[in-house]
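What follows is one structure encoded as structure tokens, with my remarks underneath.
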Amino acid sequence: AKATGGDISFYNNKTIHSFTSSGTFASTPDWSNSTPVEYVVVAGGGGGAGNYGGGGGAGGYRTGSVPFSGPFSFAVTVGAGGLGGKNSAGDNGEGVQGGPSSASFPTGAITSTGGGYGAAGGSGGNAGGPGGSGGGSAVGQPGGAVSPSGQGNAGGVGNPGSGGNADYIGGGGGGAGSAGSPGSATPYGKGGDGSQVPTTFRNPTSFIGTPGPDPAGYYLAGGGGGGAYSPAANAAGGAGGGGGGAAETPGTVNTGGGGSSTNPSPGLGGYGGSGIVLIAYPT
């Protein structure tokens, strides 16, 4: 390797540094001038609501390439997932936004914004929180927006329930690849799917990401599923680590997946998955 930091692997004539926690990326004397560097920077996912509300949005997803020369030593930050909301006295049930991830390249830092929180349902329903991908909303309020733009997709809109709480489903959190689904139409509050990492990082021995629409897998930054008043109807999470399918399901660690919302009991939303930073260059 021509640099230190993270977990190092070699695939298809590339050296890959995988940061699953914060650290330092530093050159060795072997680093060549203007070496082309590819990157994926994924922030922590947002926490799901704790009161049959919106799923947490996925952490912001950024990828690209940039050349730079050594010597260098800079910080890599991996964002934590946001906490899930609580349905209890003194708490409105909203989740917490995920933490940002960044790589402070010599040519300028690349920063991804944490996923937006899922909005609480019931009578206190609100809009989903903004973030790298927006959190799902509740009671017909707007889904969370993408802020800043270009890192993901918006959260879905919660279904107010035409027949009372029994058919209420919160909106899904947005994912890097698609928006969260509304709670009022099939697939009923599913979290948005994440994005598949570039081929450079698809090392079959590194197990990055989760399965998705492409059977090859390697998806990151999926949105969390919306919560339902009926325990049997909790929404699925998006491909790329989004939590879903059951109460309190967290986003998968080191995917930036959003946490799921929940039903009224136990009333604790799933926390978001932590982020990840990938850096690659020619071996």
Donor-acceptor contact below 3.5 Å, side chain [X] vs main chain [Y]:
| X | Y | answer |
| --- | --- | --- |
| Gln97 | Gly114 | yes |
| Asn153 | Ala176 | yes |
| Thr186 | Tyr188 | no |
| Ser22 | Val78 | yes |
| Ser27 | Pro71 | no |
| Gln151 | Thr113 | yes |
| Ser133 | Gly57 | no |

State the [atom1]-[atom2] distance between [X] and [Y], to the nearest 0.5 angstrom.
| X | Y | atom1 | atom2 | answer |
| --- | --- | --- | --- | --- |
| Ser112 | Tyr39 | OG | OH | 8.5 Å |
| Lys190 | Ser178 | NZ | OG | 6.0 Å |
| Asn159 | Ser181 | CG | OG | 12.5 Å |

Looking only at non-hydrogen atoms, find the nearest pair between [X] and [Y] and report the distance.
| X | Y | answer |
| --- | --- | --- |
| Glu94 | Asn126 | OE2-ND2, 3.1 Å |
| Tyr219 | Pro211 | CD1-C, 4.0 Å |
| Ala119 | Ala127 | CB-O, 3.3 Å |
| Ser137 | Gly158 | OG-N, 3.1 Å |
| Gly222 | Ala58 | O-CB, 3.5 Å |
| Gln196 | Asp214 | NE2-OD2, 3.3 Å |

Is it true that the side chains of Glu38 and Ser65 contain a donor and an acceptor less than 3.5 Å apart?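 Per modelled atom types, Glu38 and Ser65 side chains form no pair under 3.5 Å.
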
Verify side-chain contact (heavy atoms from CB on, under 4.5 Å) between Phe10 and Thr15, making sure each step is shown before the conclusion. CA-CA 5 Å; Phe10 302 92; Thr15 302; 3.4 Å; yes

What pairs of residues pass the salt bridge (Lys or Arg N to Asp or Glu O under 4.0 Å) test when at least one of them lies in residues 134-160, not counting sequence neighbours?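 Of all non-adjacent pairs touching residues 134-160, none passes salt bridge (Lys or Arg N to Asp or Glu O under 4.0 Å).
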
Any salt bridge (Lys or Arg N to Asp or Glu O under 4.0 Å) pairs touching residues 95-109, not counting sequence neighbours?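 Output for this query is empty, none listed.
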
Enumerate the residue pairs fulfilling ring pair (Phe, Tyr, Trp, His ring centres under 6.0 Å) with a member in residues 194-217, sequence neighbours excluded, ordered by first and then second residue.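 Those involving residues 194-217 do not exist here.
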
Flag side-chain contact, heavy atom, 4.5 Å: Arg202 against Val197: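 In contact.
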
Kindly indicate, with the supporting measurements, whether the criterion side-chain contact (heavy atoms from CB on, under 4.5 Å) is fulfilled by Asn12 and Thr200. CA-CA 7 Å; Asn12 201 23; Thr200 292; over 6 Å; no

Val41 reachable from Val37 in the ILVMFWY side-chain graph, under 4.5 Å edges: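 Yes, same cluster.
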
Single-linkage hydrophobic cluster, 4.5 Å side-chain cutoff, Phe19 and Tyr11 together: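 Each belongs to a different hydrophobic cluster.
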
Test ring pair (Phe, Tyr, Trp, His ring centres under 6.0 Å) applied to Phe72 - qualifying residues, sequence neighbours left out: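 So Phe72 forms a ring pair (Phe, Tyr, Trp, His ring centres under 6.0 Å) with Phe25, Trp31, Phe68, Phe74.
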
List the atom pairs, donor and acceptor, that lie under 3.5 Å between side-chain atoms in residues 267-282 and the rest of the protein, sequence neighbours left out.
unit_1, atom_1, unit_2, atom_2, d
Ser274, OG, Asn254, N, 3.0
Ser274, OG, Asn254, ND2, 3.4
Tyr281, OH, Lys2, N, 3.1
Tyr281, OH, Ala3, N, 3.2
Tyr281, OH, His17, NE2, 2.8

Please tabulate, for the side chains in residues 99-110, all donor-acceptor contacts under 3.5 angstrom to protein atoms that are two or more places apart in sequence or on a different chain.
unit_1, atom_1, unit_2, atom_2, d
Ser101, OG, Val42, O, 2.8
Ser101, OG, Gly79, N, 2.8

Audit row: Ser69, Thr35, side-chain contact (heavy atoms from CB on, under 4.5 Å) steps and yes/no: CA-CA 6 Å; Ser69 302; Thr35 297; over 6 Å; no

Go through the steps to decide whether Val40 and Arg62 satisfy the test side-chain contact (heavy atoms from CB on, under 4.5 Å), and finish with yes or no. CA-CA 6 Å; Val40 174; Arg62 298 187 67 185; over 6 Å; no

